[in-house]
S.K.: 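Have a look at this one before I ask anything.
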Amino acid sequence: MSNYALWFEGIYFPAAVYEPEILREVRDKFVVKDGDTITVTFPKSGTNWLIEIVCLILSKGDSKWIQSVPNWDRSPWIESKMGYELWKGDKHPHIYTSHLPFHLFPKSLFSSKAKVIYCIRNPRDVIVSGYFFLRKMKITEKPETLQQYMNWFLQGKVPFGSWFEHVQGWLSMREMENFLLLSYEELTKDTRSTIEKICEFLGKKLKPEEIDLVLKYSSFHFMKENKMSNFSLLPNDVINEDFSLMRKGIVGDWKNHFTVAQAEEFDKIYQKKMAGYPRNLFPWEEC
Ligand code: A3P
């Protein structure tokens, strides 16, 4: 892991894409503005799906933008080198994305009215999705087995650190009115209502036929074919040629990959670490 790793404040970042000076500057100097819309997730929780939905809401279902501009330019990850170059220039983005844990996010958020949409996903599915993702990445150590990846995940030795700390950190904002908590599971179960909820949070009134277009262009199949959204524009020194961000796009794939022993081991740790949180915060707990 060492050749690939950058450790910053105890959090693991892929060294090819992140720099300590930038991470420090983002935390201390990036100015979050009142009108900003920020998508925040632990990686593999549906980040790109949410970006697509937000972009389509802002363009009232018109697909021109999402089909002509890569998602990392439409809603840049402010902590990446690429995102940093954008905002260090004179282009302060008004919609952006972040995987940063709560304590590394720009401090200026807390004195702003910017809107944060935080999306969570069953960590078991996050593990499976992350495992297959890292198997195709060239800038991080490749896990040999799901068990190895699960061990890294439980130790917080995966990009952006511990899922548990990430979720717990961001959930501390859950009572604030500029914070919307969503889950991959609710997005999957009732996509339309969830899109309407996002519209309401953003103060955007869309006509039913515009919502139809948001649904259509943010669908798994449409995004899979859209090279501005499926990561196929990433250079091949970063990913394998057969990589697809849009892998399965389902809830509960972990059941196809975890052994009974792995499920039990995960459960034990999960219950211990998440004790104290109401179960109804997490849709996967209701199954
Ligand atoms: P799987 O690997 O389980 O298929 P992120 O964007 O945070 O990296 O998350 C990637 C996961 O979101 C992948 O999950 C991907 O398939 C899923 N995803 C992306 N767009 C989606 C969509 N439109 N509908 C459903 N799932 C989607």
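Since the model is a prediction, treat every value here as computed from it, not as a measurement. Both counts, for ligands and for their atoms, begin at 1 and track the order of listing.
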S.K.: Tell me whether Tyr184 reaches ligand 1 (any heavy atom closer than 4.0 angstrom to a ligand atom).
M.R.: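 For ligand 1, residue contact (heavy atoms, under 4.0 Å) with Tyr184 is present.
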
S.K.: So, does Asp125 sit close enough to ligand 1 that a heavy atom of it is under 4.0 Å from the ligand?
M.R.: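 Heavy atoms of Asp125 never come under 4.0 Å of ligand 1.
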
S.K.: N/O of Ile250 under 3.5 Å from N/O of ligand 1, yes or no?
M.R.: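 No - when backbone and side-chain N and O of Ile250 are compared with those of ligand 1, no distance drops under 3.5 Å.
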
S.K.: Is the NZ or CZ atom of Lys115 both under 6.0 Å from the centre of the six-membered ring of Phe201 and within 45° of that ring's axis?
M.R.: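 Pair Lys115/Phe201 counts as cation-pi.
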
S.K.: With a 4.0 Å heavy-atom cut-off (strictly under), which part of His221 contacts ligand 1: side chain, backbone, both or neither?
M.R.: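 Contact part for His221 vs ligand 1: neither.
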
S.K.: Can you tell me the protein heavy atom closest to atom 23 (N) of ligand 1 and the distance?
M.R.: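 Of the protein heavy atoms, Ser218 O, 2.9 Å lies nearest.
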
S.K.: Considering the heavy atoms of Leu245, write down every atom of ligand 1 situated less than 4.0 Å from one of them.
M.R.: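 Every atom of ligand 1 under 4.0 Å from some heavy atom of Leu245: 8 (O), 13 (C), 15 (C), 16 (O).
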
S.K.: Could you tell me, atom by atom, which parts of ligand 1 come under 4.0 Å of a heavy atom of Ser219?
M.R.: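 Answer for ligand 1: 23 (N).
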
S.K.: So, does Glu186 use its side chain to make a donor-acceptor pair with the main chain of Ser183 at under 3.5 Å?
M.R.: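 Checking the backbone N and O of Ser183 against the side chain of Glu186, a donor-acceptor pair under 3.5 Å is found.
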
S.K.: How close does the nearest protein non-hydrogen atom get to atom 2 (O) of ligand 1, and which residue and atom is it?
M.R.: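 Nearest neighbour among protein heavy atoms for atom 2 (O) of ligand 1, to 0.1 Å: Ser129 OG, 2.7 Å.
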
S.K.: Please classify the Ser45 to ligand 1 contact at 4.0 Å (heavy-atom distances, strictly less than): side chain, backbone, both or neither.
M.R.: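 For Ser45, the contact with ligand 1 is made by the backbone alone.
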
S.K.: Considering both backbone and side-chain atoms of Gly249, is one of its nitrogen or oxygen atoms within less than 3.5 Å of a nitrogen or oxygen in ligand 1?
M.R.: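 Among all N and O atoms of Gly249, at least one is under 3.5 Å from an N or O of ligand 1.
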
S.K.: May I ask you to test the Ile38-Phe179 pair for a side-chain heavy-atom distance under 4.5 Å?
M.R.: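 When only atoms from C-beta onward are counted, Phe179 and Ile38 do not touch, as no gap falls below 4.5 Å.
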
S.K.: Within the structure provided, determine whether Met150 and Tyr131 are in side-chain contact (heavy-atom separation under 4.5 Å).
M.R.: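 Counting from C-beta outward, Met150 and Tyr131 never come under 4.5 Å.
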
S.K.: Who's the nearest protein heavy-atom neighbour of atom 8 (O) of ligand 1, and how far?
M.R.: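 The closest heavy atom on the protein side is Lys44 NZ, 2.9 Å.
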
S.K.: Do Tyr149 and Phe133 touch side chain to side chain, with heavy atoms closer than 4.5 Å?
M.R.: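 No - every pair of side-chain heavy atoms lies 4.5 Å or more apart.
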
S.K.: Consider ligand 1: state whether an atom of it lies below 4.0 angstrom from any non-hydrogen atom of Arg121.
M.R.: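 In this structure, Arg121 qualifies as a contact of ligand 1 - some heavy atom is under 4.0 Å.
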
S.K.: Taking 4.0 angstrom as the limit and counting only heavy atoms of Asn48, give me the atoms of ligand 1 inside it, by number and element.
M.R.: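 Atoms satisfying the 4.0 Å criterion: 5 (P), 6 (O), 8 (O).
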
S.K.: Is there side-chain contact between Lys227 and Asn230, with at least one heavy-atom pair below 4.5 Å?
M.R.: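 Yes, at least one pair of side-chain atoms sits under 4.5 Å.
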
S.K.: How far is atom 19 (C) of ligand 1 from the closest protein heavy atom, and which atom is that?
M.R.: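 For atom 19 (C) of ligand 1, the nearest protein heavy atom is Met246 CE, 3.6 Å.
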
S.K.: Between ligand 1 and Thr47, is the shortest N or O to N or O distance under 3.5 Å?
M.R.: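 Between Thr47 and ligand 1, an N or O pair is found under 3.5 Å apart.
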
S.K.: Classify the side-chain pair Glu52/Asn48 by whether it contains a donor and acceptor separated by less than 3.5 Å.
M.R.: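 Not at all, the side chains of Glu52 and Asn48 share no donor-acceptor pair under 3.5 Å.
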
S.K.: Determine, for Tyr270 and Arg124, whether the Lys NZ or Arg CZ falls below 6.0 Å from the six-membered ring centre while staying within 45 degrees of the axis.
M.R.: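 Yes; both conditions hold, so Arg124 lies above the ring face of Tyr270.
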
S.K.: Side chains of Thr97 and Ser75 only: does a donor on one sit below 3.5 Å from an acceptor on the other?
M.R.: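 Judged by distance alone, the side chains do pair up.
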
S.K.: Taking 4.0 Å as the limit for heavy-atom contacts, which would you say applies to Thr41 with ligand 1: side chain only, backbone only, both, or neither?
M.R.: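 Answer for Thr41: neither.
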
S.K.: Considering only heavy atoms of Met223, which atoms of ligand 1 have at least one such atom less than 4.0 Å away?
M.R.: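 It comes down to these atoms of ligand 1: 20 (N), 23 (N).
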
S.K.: Do Phe30 and Tyr84 have side chains that approach each other closer than 4.5 Å (heavy atoms only, starting at C-beta)?
M.R.: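 Contact flag for Phe30/Tyr84 side chains = no.
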
S.K.: Can you label the angle between the Tyr12 ring and the Trp7 ring as parallel, tilted or perpendicular, going by 30° and 60°?
M.R.: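 Tyr12 vs Trp7 ring planes: tilted.
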
S.K.: Applying a 4.0 Å heavy-atom criterion (strictly less than), which segment of Phe132 is in contact with ligand 1: side chain, backbone, both, or neither?
M.R.: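 Answer for Phe132: neither.
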
